[in-house]
Colleague: 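First the structure, then my questions, so here it is.
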Amino acid sequence: MSTTVIKPYLRLSGLEPLVVRPETNFVNVGERTNVTGSKKFARLVREGLYEEALSVARQQVESGAQVLDVNMDDALLDGKVAMVTFLNLLQAEPDIAKIPVMIDSSKFEIIEAGLKCVQGKCIVNSISMKEGEEKFIEQAIICRSFGASVVVMAFDEVGQADTEARKVEICHRAYKILVNKVGFDPQDIIFDPNIFAVATGIEEHNNYAVDFIEGTRRIKQLMPLTKVSGGVSNISFSFRGNDHVREAMHSVFLYHAVKAGMDMGIVNAGQLVVYDEIEPSLRNLCEDVLLNIQNDDNSKTEALIAFAETVKAKGKVEVKDEAWRNAAVEDRLKHALINGITQYIDADTEEARQLYPKPLDVIEGPLMNGMNVVGDLFGAGKMFLPQVVKSARVMKKSVAVLTPYIEQEKEDRKQAHLLAGTQNTEQAGAAKILLATVKGDVHDIGKNIVGVVLGCNGYDIIDLGVMVSADKILDTAQKENVDIIGLSGLITPSLDEMVHIGHEMKRRGMKQPLLIGGATTSRMHTAVKISPEYADTIHVLDASRSVTVAGSLLSQEQRQEFLQQTVADYEKLREQFSNKKSSKSFLPYAEAKANVMQIPWANYQPVKPTFTGSKTLPVSLASLRPYIDWKPFFIAWEMHGNFPDILTDEIVGTAATNLYHDANRLLDTIINENWLQPKAVIGFWPAAAQGDTITVATQNGNINLEMLRQQTKKAAGQPNFSLADFVKPGNIEDQPDYMGAFAVTIHGIEPHIKRFEEALDDYNKIMLQALADRFAEACAEYVHLHVRTQHWGYVNQETLTNEALIKEQYQGIRPAPGYPACPDHTEKYKLFDMLEATTHTGITLTESLAMYPASSVCGWYFAHPQSQYFGLGKIQRDQLEDYAQRKNMPLSEAERWLRPVLE
């Protein structure tokens with residue numbers, strides 16, 4: 001029996017693992033949860049507003065930080081108390097705690113206190129030999145006992161290392177101590193060889209950047225499994241206040257340092273510009289200073305200072321928009337691709353076609369060269385998804401110009417072979433990747449984006465669309481001889497379909513890797529449920545990672561190692577899942593039912609709605625526009641951050657602003673030309689709760705709505721929630737309570753999507769899909785507001801801002817079947833029957849109970865002031881059996897629908 005060798009990579013984790021492999025891009029450590037690096041964070045911590053301070057951490061995660069640096073070193077703080085308080089709160093926030101933490105302090109007592117708070121495998125920043133070997137070993141042993149990786153400063157009893165030789169000497173000495181005396185694995189050691197400011201006017205400082213770069217190179221040669229980190233902004237400290245020069249210096253420095261072996265760093269990514277796009281004069285000045293090219297005097301520093309003064313006086317030098325039109329056609333095509341400019345692409349493509357021997361040479365030459373640059377910039381985090389999709393639009397339009405000529409050449413060659421009686425031996429083209437949204441699921445924005453990104457990287461994409469059966473996916477994959485199969489899904493029933501497809505691939509003896517993605521998927525589910533059915537299965541978190549994964553799978557050198565490592569990683573995840581499962585504490589269902597939310601019903605007088613039964617509401621697109629929640633729109637484009645802050649974000653602000661303006665221009669057209677038609681239906685009925693069943697009196701008789709209850713053991717005084725808790729208990733014939741329901745949708749998208757597809761315009765196609773989704777959610781928000789204030793009228797006056805509405809600061813809730821509080825999609829059947837939703841809105845349900853059109857929302861209305869959203873969590877078999885019996889549903893069917901929440 002063969003065993004998989006676990007590669008000696010740096011492995012970190014929060015709730016999710018971070019494996020730093022050789023092919024991993026530069027690891028960005030988020031710096032804003034550092035009281036010395038963020039005035040806002042420092043103020044919130046000093047004022048004891050830790051819950052608000054968590055928003056800073058969340059923004060770092062949403063902006064793409066892979067590790068979160070937490071530092072509480074402030075003279076006005078009790079650093080130990082602050083670190084413990086903040087980390088304990090952070091660990092209770094899964095969306096933040098999913099990434100590893102870097103516990104950062106110059107005081108080891110604070111580090112040790114922090115180590116007791118974090119889960120997973122963290123990084124300690126830092127330890128050093130400044131107090132001697134004995135103290136260094138003592139601290140290292142403590143860090144290792146907690147399983148932490150360590151940042152080791154190049155600092156010994158003599159002082160901080162400032163020359164290349166001293167950096168290497170101290171790091172090598174520390175390495176031998178940590179590995180030979182303490183027992184550290186080399187890959188758990190991260191050296192910080194000290195980045196110091198250059199261009200200070202002091203001659204001794206001139207070589208600091210070179211010392212770091214060359215020291216890094218020698219450290220990685222001498223100790224190849226270790227990592228190198230540093231604080232990048234230190235290098236430009238002499239130019240603080242001049243962001244234009246600083247961002248250029250950071251970019252040039254990282255360009256050389258990363259090539260030398262720098263793996264990670266605390267860096268303000270917002271002050272990074274693309275190396276090749278820095279003005280040549282500024283780039284040359286930065287390299288003169290950073291690489292210390294002139295050694296005779298300080299003229300290089302003076303030249304950079306002089307340039308900095310001109311920037312301060314005049315601002316950034318603007319290059320005329322049309323200057324690039326004077327370049328060679330190859331450079332023009334490259335510029336158009338990188339900047340997403342379609343204006344001249346037809347003429348430039350035709351010019352290139354006439355210059356090259358064959359039209360295919362234009363694709364394989366200048367076009368692919370340009371797209372390779374786009375792919376590199378995207379992979380390095382220097383371009384963002386909306387820009388990449390615009391680049392793809394340019395590429396498609398250019399290829400469309402060339403396609404008739406390519407097809408004609410193929411036909412000519414075919415006829416020539418026929419006449420000569422010879423065989424056509426043309427080789428197959430690019431690697432093929434098949435993408436599909438699985439049967440029963442209608443959501444495809446994420447899949448479309450992945451297809452565009454992969455297409456930009458030269459892959460031949462076969463997109464089967466939505467609601468695709470397993471047989472069609474696999475038959476097409478075999479017929480087209482594809483290299484990779486990618487599955488997408490949004491709703492939870494799609495997970496079972498993915499498991500089924502994996503099983504079928506194994507039964508058919510297929511060999512293609514299976515990629516899994518979509519909002520409802522996860523690395524853990526892939527490892528626990530899909531991978532056992534089909535071993536070569538990989539979960540892909542988002543579009544930006546799809547290129548790296550596909551490249552590894554299609555590389556003869558990397559494929560086997562990559563798959564073996566994935567199998568080993570997933571085996572570990574299955575073990576973790578099994579251990580976690582066995583360690584959870586649950587209540588018997590009878591006890592959970594007894595621990596209901598305590599509501600003083602005797603003092604509660606339900607508000608009667610203005611009507612009972614169902615009723616359609618007239619809604620216009622213009623009325624919905626103010627209610628759009630823009631944050632999910634940007635997330636769809638893999639741009640994370642709160643709106644409107646994202647528009648001025650240091651990292652993605654410019655790209656986000658451009659995207660926002662494009663979206664609003666399209667919104668204007670959609671509304672003015674009435675592209676889309678919103679439809680809405682609401683309903684209210686007398687209701688009463690008995691246990692976890694809510695009985696509603698409809699025009700066609702009583703209907704029982706079955707709810708599920710939290711079963712995890714809670715702290716004293718904490719209830720086990722069920723939605724039934726928010727409806728007054730009793731008999732429906734007595735003094736009843738009320739509950740409501742709604743369904744909203746956006747019609748009319750199809751002809752416009754088709755038109756954009758025919759125009760090879762993926763950018764506006766994806767934009768339209770994302771905006772239709774936003775309109776549907778805005779419609780749900782708009783209708784709920786009118787329900788609260790008019791149609792049900794349980795709130796007389798409500799003056800909430802749109803931001804407050806998004807934060808759900810209103811009275812009442814609108815949970816949707818299939819979501820955390822009520823995860824059973826089959827209750828949608830009752831909701832649709834009660835509302836006559838299909839008749840009133842045209843929404844239909846697929847066999848997996850996804851709604852079509854895809855831009856649709858439905859849910860229940862609860863009005864009680866104490867009603868609140870919650871997550872059900874896992875339930876036990878005793879509740880499953882009771883639930884199946886209440887619904888008069890076969891146990892096996894109930895188990896299938898509730899599988900994601902079964903313990």
Colleague: Regarding Ser105 and Asp73, is there a side-chain donor-to-acceptor distance under 3.5 Å anywhere?
Modeller: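 Checked: Ser105/Asp73 side chains pair up, N/O donor to acceptor below 3.5 Å.
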
Colleague: Would you check if Asp288 and Leu304 make a side-chain contact, meaning some heavy-atom pair closer than 4.5 Å?
Modeller: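 No, side chains not in contact.
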
Colleague: Can you measure from NE2 (His661) to CG (Leu647) and round to the nearest 0.5 angstrom?
Modeller: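 His661 NE2 to Leu647 CG: 7.5 Å, rounded to 0.5 Å.
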
Colleague: Quick one: salt bridge (charged side-chain N to carboxylate O under 4.0 Å, His left out) partners of Glu131, sequence neighbours excluded?
Modeller: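 Partners of Glu131 under the salt bridge (charged side-chain N to carboxylate O under 4.0 Å, His left out) test: none.
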
Colleague: Just jot down the side chain to side chain donor-acceptor pair (under 3.5 Å) partners of Asp263, sequence neighbours excluded, or say none.
Modeller: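 Lys220.
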
Colleague: Please identify each residue that fulfils side chain to side chain donor-acceptor pair (under 3.5 Å) with Asp156, with sequence neighbours left out.
Modeller: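 Partners of Asp156 under the side chain to side chain donor-acceptor pair (under 3.5 Å) test: Arg166.
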
Colleague: Validate the cation-pi geometry between Lys631 and Phe643: distance from NZ or CZ to the six-membered ring centre under 6.0 Å, angle to the ring axis within 45°.
Modeller: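 So Lys631 doesn't make the cation-pi contact.
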
Colleague: Nearest 0.5 Å please: distance from the CD1 atom of Ile99 over to the CG atom of Leu68.
Modeller: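 Going from CD1 on Ile99 over to CG on Leu68, the span is 5.0 Å.
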
Colleague: Are any side-chain N or O atoms of Arg11 and backbone N or O atoms of Val20, one a donor and one an acceptor, separated by less than 3.5 Å?
Modeller: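 Pair absent, no side-chain N/O of Arg11 close to backbone of Val20.
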
Colleague: If only atom types and distance count, is the side chain of Asn764 paired as donor or acceptor with the main-chain N or O of Met767 below 3.5 Å?
Modeller: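 Such a contact is absent between Asn764 side chain and Met767 backbone.
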
Colleague: Side chain of Ser149, backbone of Ile123: donor and acceptor closer than 3.5 Å?
Modeller: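 The answer is no, because no donor-acceptor pair under 3.5 Å joins these two groups.
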
Colleague: Can you confirm whether more than 12 heavy atoms, excluding those of Lys121, are under 6.0 Å from its NZ atom?
Modeller: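 It does: Lys121 NZ has more than 12 such atoms within range.
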
Colleague: Indicate whether the side chain of Glu279 and that of His244 have a donor and an acceptor atom separated by less than 3.5 Å.
Modeller: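 Indeed, the side chains of Glu279 and His244 share at least one donor-acceptor pair under 3.5 Å.
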
Colleague: Roughly how far, to the nearest 0.5 Å, is the OH atom of Tyr9 from the CG atom of Leu18?
Modeller: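 One gets 13.5 Å once the value is rounded to the nearest 0.5 Å.
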
Colleague: Using only atom types and a distance under 3.5 Å, with no angle test, would you say the side chain of Ser251 pairs donor to acceptor with the backbone of Ala248?
Modeller: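 Checking the backbone N and O of Ala248 against the side chain of Ser251, no donor-acceptor pair under 3.5 Å is found.
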
Colleague: List in chain and number order the residues that pass side chain to side chain donor-acceptor pair (under 3.5 Å) with Tyr344, two or more places apart in sequence or in another chain; answer none if no residue qualifies.
Modeller: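 Only Glu322 meet the side chain to side chain donor-acceptor pair (under 3.5 Å) criterion with Tyr344.
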
Colleague: Between Ile103 and Cys122, what is the shortest heavy-atom contact and its length?
Modeller: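 Reported closest heavy-atom pair: CD1-SG, 4.0 Å.
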
Colleague: Does some side-chain heavy atom of Ile189 sit less than 4.5 Å from a side-chain heavy atom of Val152?
Modeller: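 With C-beta onward as the side chain, the pair touches.
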
Colleague: Which atom pairs, donor and acceptor, lie under 3.5 Å between side-chain atoms of residues 40-51 and protein residues at least two apart or in another chain?
Modeller:
from  : atom 1 : to    : atom 2 : distance (Å)
Arg46 : NE     : Asp74 : OD2    : 3.4
Arg46 : NH2    : Asp74 : OD2    : 2.7

Colleague: Among all residues two or more places apart in sequence or in another chain, which pass the ring-ring contact (aromatic ring centres under 6.0 Å, His included) test with Phe191?
Modeller: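 By the ring-ring contact (aromatic ring centres under 6.0 Å, His included) rule, Phe191 matches no residue at all.
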
Colleague: Could I get the full list of ring-ring contact (aromatic ring centres under 6.0 Å, His included) partners for His205, not counting sequence neighbours?
Modeller: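 In terms of ring-ring contact (aromatic ring centres under 6.0 Å, His included), with neighbours along the sequence ignored, His205 is linked to Tyr208.
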
Colleague: Contact between Phe136 and Lys130 at the side-chain level, heavy atoms closer than 4.5 Å - yes or no?
Modeller: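 Counting from C-beta outward, Phe136 and Lys130 never come under 4.5 Å.
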
Colleague: Check whether Asn125 reaches the backbone of Met102 with its side chain - one donor and one acceptor, N or O, closer than 3.5 Å.
Modeller: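 No, Asn125 side chain to Met102 backbone: no donor-acceptor pair under 3.5 Å.
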
Colleague: Taking only residues two or more places apart in sequence or in another chain, which ones pass ring-ring contact (aromatic ring centres under 6.0 Å, His included) with Phe253?
Modeller: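 ring-ring contact (aromatic ring centres under 6.0 Å, His included) check on Phe253 returns Phe212.
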
Colleague: Using a 4.5 Å cut-off on heavy atoms from C-beta on, say whether the side chain of Leu90 contacts that of Val101.
Modeller: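 A side-chain contact exists here, since the closest heavy-atom pair is under 4.5 Å.
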
Colleague: Verify the ring-centre separation between Tyr660 and Trp637: is it less than 6.0 angstrom?
Modeller: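 Between Trp637 and Tyr660, the centre distance exceeds or equals 6.0 Å.
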
Colleague: Between Glu164 and Lys167, does a salt bridge (Lys or Arg N to Asp or Glu O under 4.0 Å) hold up when you go through it step by step?
Modeller: CA-CA 5 Å; Glu164 174 189 339; Lys167 293 176 194 292; over 6 Å; no

Colleague: Measuring from Leu367:CG to Thr349:OG1, what's the distance to the nearest 0.5 Å?
Modeller: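 Separation between the atoms: 6.0 Å.
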
Colleague: Going by heavy atoms in the side chains, are Met262 and Ile195 under 4.5 Å from each other?
Modeller: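 SC-SC contact between Met262 and Ile195 confirmed.
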
Colleague: With sequence neighbours excluded, what pairs up with Asn658 under the side chain to side chain contact (heavy atoms under 4.5 Å, CB included) test?
Modeller: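 Counting only residues at least two positions away or on another chain, Asn658 forms a side chain to side chain contact (heavy atoms under 4.5 Å, CB included) with Thr654.
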
Colleague: Testing the basics here: between Val150 and Cys143, what is the closest heavy-atom pair and its distance to 0.1 Å?
Modeller: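 Looking at all heavy atoms of both residues, the shortest contact is CG1-CB, 3.6 Å.
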
Colleague: Is any side-chain heavy atom of Ile96 closer than 4.5 Å to one of Leu54?
Modeller: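 Yes, side chains in contact.
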
Colleague: Side chains of Ser236 and His250: donor-acceptor distance under 3.5 Å anywhere?
Modeller: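 Side-chain D/A pair, Ser236 to His250: present.
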
Colleague: For residues Val198 and Ile235, determine if any side-chain heavy atom of one lies less than 4.5 Å from a side-chain heavy atom of the other.
Modeller: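 A side-chain contact exists here, since the closest heavy-atom pair is under 4.5 Å.
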
Colleague: Hey, are Asp192 and Ser229 close enough side-chain-wise for a donor-acceptor pair under 3.5 Å?
Modeller: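 On atom types as modelled, these side chains do not qualify, holding no pair under 3.5 Å.
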
Colleague: Can you list the residues that meet the ring-ring contact (aromatic ring centres under 6.0 Å, His included) rule with Tyr175, with sequence neighbours excluded?
Modeller: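 Result, ring-ring contact (aromatic ring centres under 6.0 Å, His included) vs Tyr175: none returned.
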
Colleague: Check whether any side-chain N or O of Ser55 sits under 3.5 Å from a backbone N or O of Glu52 as a donor-acceptor pair, and report yes or no.
Modeller: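 Between the backbone of Glu52 and the side chain of Ser55 there is a qualifying donor-acceptor contact (under 3.5 Å).
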
Colleague: As a quick check of understanding, evaluate salt bridge (Lys or Arg N to Asp or Glu O under 4.0 Å) for Asp331 and Lys334, giving each step before the final call.
Modeller: CA-CA 5 Å; Asp331 293 329; Lys334 176 182 172 183; 5.7 Å; no

Colleague: My understanding is that only residues two or more places apart in sequence, or in another chain, count here; which of them pass salt bridge (charged side-chain N to carboxylate O under 4.0 Å, His left out) with Asp348?
Modeller: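 Once residues adjacent in sequence are excluded, the partners of Asp348 under the salt bridge (charged side-chain N to carboxylate O under 4.0 Å, His left out) criterion are Arg325, Arg332.
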
Colleague: Going by side chain to side chain contact (heavy atoms under 4.5 Å, CB included), name the residues that satisfy it together with Asn284, two or more places apart in sequence or in a different chain.
Modeller: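 Counting only residues at least two positions away or on another chain, Asn284 forms no side chain to side chain contact (heavy atoms under 4.5 Å, CB included).
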
Colleague: Going by heavy atoms in the side chains, are Val252 and Ile278 under 4.5 Å from each other?
Modeller: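 Yes. Closest side-chain heavy atoms under 4.5 Å.
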
